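From a predicted model like this one, the values you see are computed outputs, not experimental measurements. The basis for the numbers below is simple: all heavy atoms, side chains too, and nothing from hydrogens, waters or symmetry mates.
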Amino acid sequence: VDKALEYQKKAAEIDPNFANAHYGLATIYKKSGNMEMAKKHLKEYLRLEPSGYFSRMAQQEMDAP
């Protein structure tokens, strides 16, 4: 998990508009229990990718309590 987090952060740093990096970060943060950071990256993912299958999933996670 630590390596995955490192790689996803690096990908987002290299290209802040790489939506998949933000989705990956959201997934990692969610699994580690950091919902604040997970929602931050889901929001950014949705800004970059407003439609599609993963966008619907991201929106559902954003809407979840």
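Atom OG of Ser51 and atom CD of Glu49 lie 7.0 Å apart (nearest 0.5 Å). Note that CE of Met62 and NZ of Lys43 are 6.5 Å apart. Values are rounded to the nearest 0.5 Å. For the atom pair OH of Tyr45 and OG1 of Thr27, the computed distance is 10.0 Å after rounding to the nearest 0.5 Å. Atom NZ of residue Lys39 and atom CE of residue Met37 lie 14.0 Å apart, to the nearest 0.5 angstrom.
Two residues are said to be in side-chain contact when any heavy atoms from C-beta on lie closer than 4.5 Å; Arg56 and Gln59 fail this criterion.
Every residue meeting the side-chain contact (heavy atoms from CB on, under 4.5 Å) condition with Met57, not counting sequence neighbours, appears here in chain and number order: Tyr23, Tyr53, Phe54. Checked against salt bridge (charged side-chain N to carboxylate O under 4.0 Å, His left out), Arg47 has the following partners two or more places apart in sequence or in another chain: Glu44. Take Ala21 and apply the side-chain contact (heavy atoms from CB on, under 4.5 Å) test, not counting sequence neighbours, and it matches Gln8, Ala11, Ala12, Phe18.
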Apply salt bridge (Lys or Arg N to Asp or Glu O under 4.0 Å) to Lys9 and Glu6, showing your working.
CA-CA 5 Å; Lys9 282 182 177 181; Glu6 178 185 334; over 6 Å; no

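Closest heavy-atom contact between Ala38 and Tyr29: N-CB, 3.7 Å. The two residues Asn17 and Leu48 make their nearest non-hydrogen contact at OD1-CD2, 3.5 Å.
Other residues, nucleotides and ligands contribute only 12 or fewer heavy atoms inside 6.0 Å of the CG atom of Asp2.
For the pair His22 (side chain) and Pro16 (backbone), a donor-acceptor distance under 3.5 Å is present. Checking side-chain atoms of Ser55 against main-chain N and O of Leu46 turns up no donor-acceptor pair under 3.5 Å.
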